[in-house]
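Since the structure comes first, as structure tokens, the remarks are kept for the end.
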Amino acid sequence: PRLHEGDWFFARKQSFPAQRTERAVRLAFMGGSSVQGWPYRQEGVVFAERVKLALEERFPDVNRVPDKVETDPFRSLVSVMLSAQSRDEMTAKARDQLFAVADTPQAILALPEERVARLIKPCGLYNMKAKSLHRMCRALLDEHAGRVPADRKTLTRLPGVGRKSADIILRFTFGEPVVAVDTHVHRVCNRLGLAFGKTEAQTAAQLEPRVPKRFGFGAHIWLLEHGKRLCKSRTPQCEACFLEDLCEKNPAPPKGKKNR
């Protein structure tokens, strides 16, 4: 079958001449027209169905519009900002303490930064996060009438909101089929050869046009869970990996350095 846009992601390397490297296959499907000897062959086997079935078997019912984690976009945005470099349980404690006192932009701005910092202390980096929350709330009121914008470009203009935070809001609050790239997704994509970004934002930008649209919702959870369960930072379980035959096995960074 003819490959659809983005299906380079799932192409079986054995379907192509032995002298063609897996990297060349990937580059060709990424739009690398300078790779000699292409286009791809009509009889090439598309790997999409195998991977889709394998991933769905392990993580069923995720390639769909997600259940909203938080129906209030403002509370969702605050929670995501608090979650940076924080464990889930500590984020939840900080969030609950803050929302018990203030859960609107006006209410948070009415509190001194020092009070906000004390309320969110469990999540760490509380002084910096308190300042970012104040600045974000002021920008929401001044520029958006207190409403959280529903597009990435506008979201990332808010103080303290980066690409990853914006994509989490878009996916889990506004139901957009985007792949939010955290440290796990970033690591898996670079190891497999799905992206070659030095930062999470670079990986996200490269990955977005390459993920087949029909897998838009499932891809985030699939890559995230794959990173947590098999493609771990220090001890990847390659022998148990169902994507082993496609993986470029780009090495993990030396100990003490950030993940790829």
Side-chain angles (χ1 to χ4, degrees), residues 66-176 178-187 197-205 220-221 224 227-228 233 256-259:
D67 297 328
K68 289 182 172 59
V69 175
E70 176 60 73
T71 57
D72 183 331
F74 177 72
R75 291 170 64 102
S76 181
L77 178 56
V78 171
S79 298
V80 171
M81 292 177 68
L82 295 179
S83 70
Q85 300 183 47
S86 173
R87 298 196 307 274
D88 290 346
E89 60 271 22
M90 294 295 100
T91 299
K93 184 175 181 180
R95 178 197 64 209
D96 292 345
Q97 289 182 175
L98 176 63
F99 289 161
V101 177
D103 63 353
T104 65
Q106 297 89 338
I108 289 177
L109 282 175
L111 298 175
E113 274 187 27
E114 294 78 10
R115 177 85 188 281
V116 174
R118 288 197 299 271
L119 290 169
I120 65 173
K121 189 173 182 178
C123 69
L125 303 175
Y126 45 89
N127 289 322
M128 182 184 70
K129 291 178 181 178
K131 181 175 292 188
S132 293
L133 285 174
H134 258 221
R135 294 175 60 213
M136 181 274 291
C137 289
R138 174 55 61 196
L140 273 185
L141 291 172
D142 290 348
E143 302 171 20
H144 305 286
R147 295 186 177 183
V148 176
D151 66 277
R152 181 187 295 129
K153 185 175 180 179
T154 311
L155 275 168
T156 53
R157 288 174 178 168
L158 294 173
V161 181
R163 166 92 187 228
K164 178 175 70 174
S165 296
D167 284 350
I168 290 173
I169 298 298
L170 291 175
R171 187 184 194 280
F172 291 102
T173 301
F174 293 115
E176 296 292 329
V178 298
V179 181
V181 176
D182 67 355
T183 185
H184 299 291
V185 176
H186 176 59
R187 178 177 67 253
K198 293 182 179 180
T199 66
E200 293 174 3
Q202 288 178 358
T203 295
H220 169 74
I221 298 298
L224 175 68
K228 287 183 176 180
S233 176
K257 294 188 178 181
K258 293 183 179 180
N259 294 332

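We use all heavy atoms of the structure for the numbers below, so side chains are in, but hydrogens, waters and symmetry mates are not. Everything numeric here is computed off the predicted structure, so don't read it as measured data. Note that the numbering runs from 1 along the sequence shown for the chain.
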(message) Enumerate the salt bridge (charged side-chain N to carboxylate O under 4.0 Å, His left out) contacts for residues 98-110, please, sequence neighbours excluded, ordered by first and then second residue.
(response) R75-D103
(request) Kindly write out the residues that satisfy side-chain hydrogen bond (donor to acceptor under 3.5 Å, both in side chains) with T154, not counting sequence neighbours, or none if the list is empty. (result) D151
(message) Taking the side chain as everything from C-beta on, heavy atoms only, tell me whether L140 gets closer than 4.5 Å to V148.
(response) yes
(message) Give me the atom names and distance for the closest heavy-atom approach of L158 to P149.
(response) CD1-CD, 4.1 Å
(message) Once side chain to side chain contact (heavy atoms under 4.5 Å, CB included) is applied, do any residues pair with K164, and if so which ones, sequence neighbours excluded?
(response) I168, D182, E200
(request) Can you spot which of V78, V80, L82 makes a side-chain contact (heavy atoms from CB on, under 4.5 Å) with R95? (result) L82
(message) Rounded at 0.5 Å granularity, tell me how far CD1 in I120 sits from NZ in K93.
(response) 13.5 Å
(message) Going by the rule side chain to side chain contact (heavy atoms under 4.5 Å, CB included), which residues pair with R157 if we only count those two or more places apart in sequence or in a different chain?
(response) K153
(request) Output the distance between atom NE2 (H184) and atom NE2 (H186), rounded to the nearest 0.5 Å. (result) 12.0 Å
(request) Would you indicate whether Q85, at its atom CD, is surrounded by more than 12 heavy atoms from other residues, nucleotides or ligands within a distance under 6.0 Å? (result) no
(message) So, taking the atom named CG in L77 and the one named CD1 in I169, what distance separates them when rounded to the nearest 0.5 Å?
(response) 5.0 Å
(request) Return each pair, listed once, that meets salt bridge (charged side-chain N to carboxylate O under 4.0 Å, His left out) where at least one residue sits in residues 122-146; pairs must be two or more places apart or across chains. (result) R138-D142
(message) Could you report the tightest heavy-atom contact between F174 and P73, atom names first, then the distance?
(response) CZ-CB, 3.9 Å
Atom pairs and distances, side-chain donor-acceptor, residues 104-119, under 3.5 Å, sequence neighbours left out:
from : atom 1 : to   : atom 2 : distance (Å)
T104 : OG1    : A107 : N      : 3.1

(request) Give a yes or no answer on whether the side chain of T156 reaches the backbone of R152 with a donor-acceptor pair at less than 3.5 Å. (result) yes
(request) Drop me the distance from S86's OG to M81's CE, to the nearest 0.5 angstrom. (result) 13.5 Å
(message) Are F74 and H144, when compared by the centres of their aromatic rings, separated by less than 6.0 Å?
(response) no
(message) Please give me the minimum heavy-atom distance between R163 and A204, naming the atom from each residue.
(response) NH2-O, 3.4 Å
(message) What verdict does the side chain to side chain contact (heavy atoms under 4.5 Å, CB included) test give for V185 and T203, after you've listed the backbone C-alpha separation in whole Å, the side-chain angles of each residue and the deciding distance to 0.1 Å?
(response) CA-CA 9 Å; V185 176; T203 295; 5.6 Å; no
(request) Would you kindly say whether T173 and S76 are connected by a side-chain donor-acceptor distance under 3.5 Å? (result) yes
(message) Tell me the closest heavy-atom pair linking A166 and V161, and the distance in Å.
(response) N-CG1, 4.1 Å
(message) Please check: side-chain N/O of H220 versus main-chain N/O of A180, any donor-acceptor pairing under 3.5 Å?
(response) yes
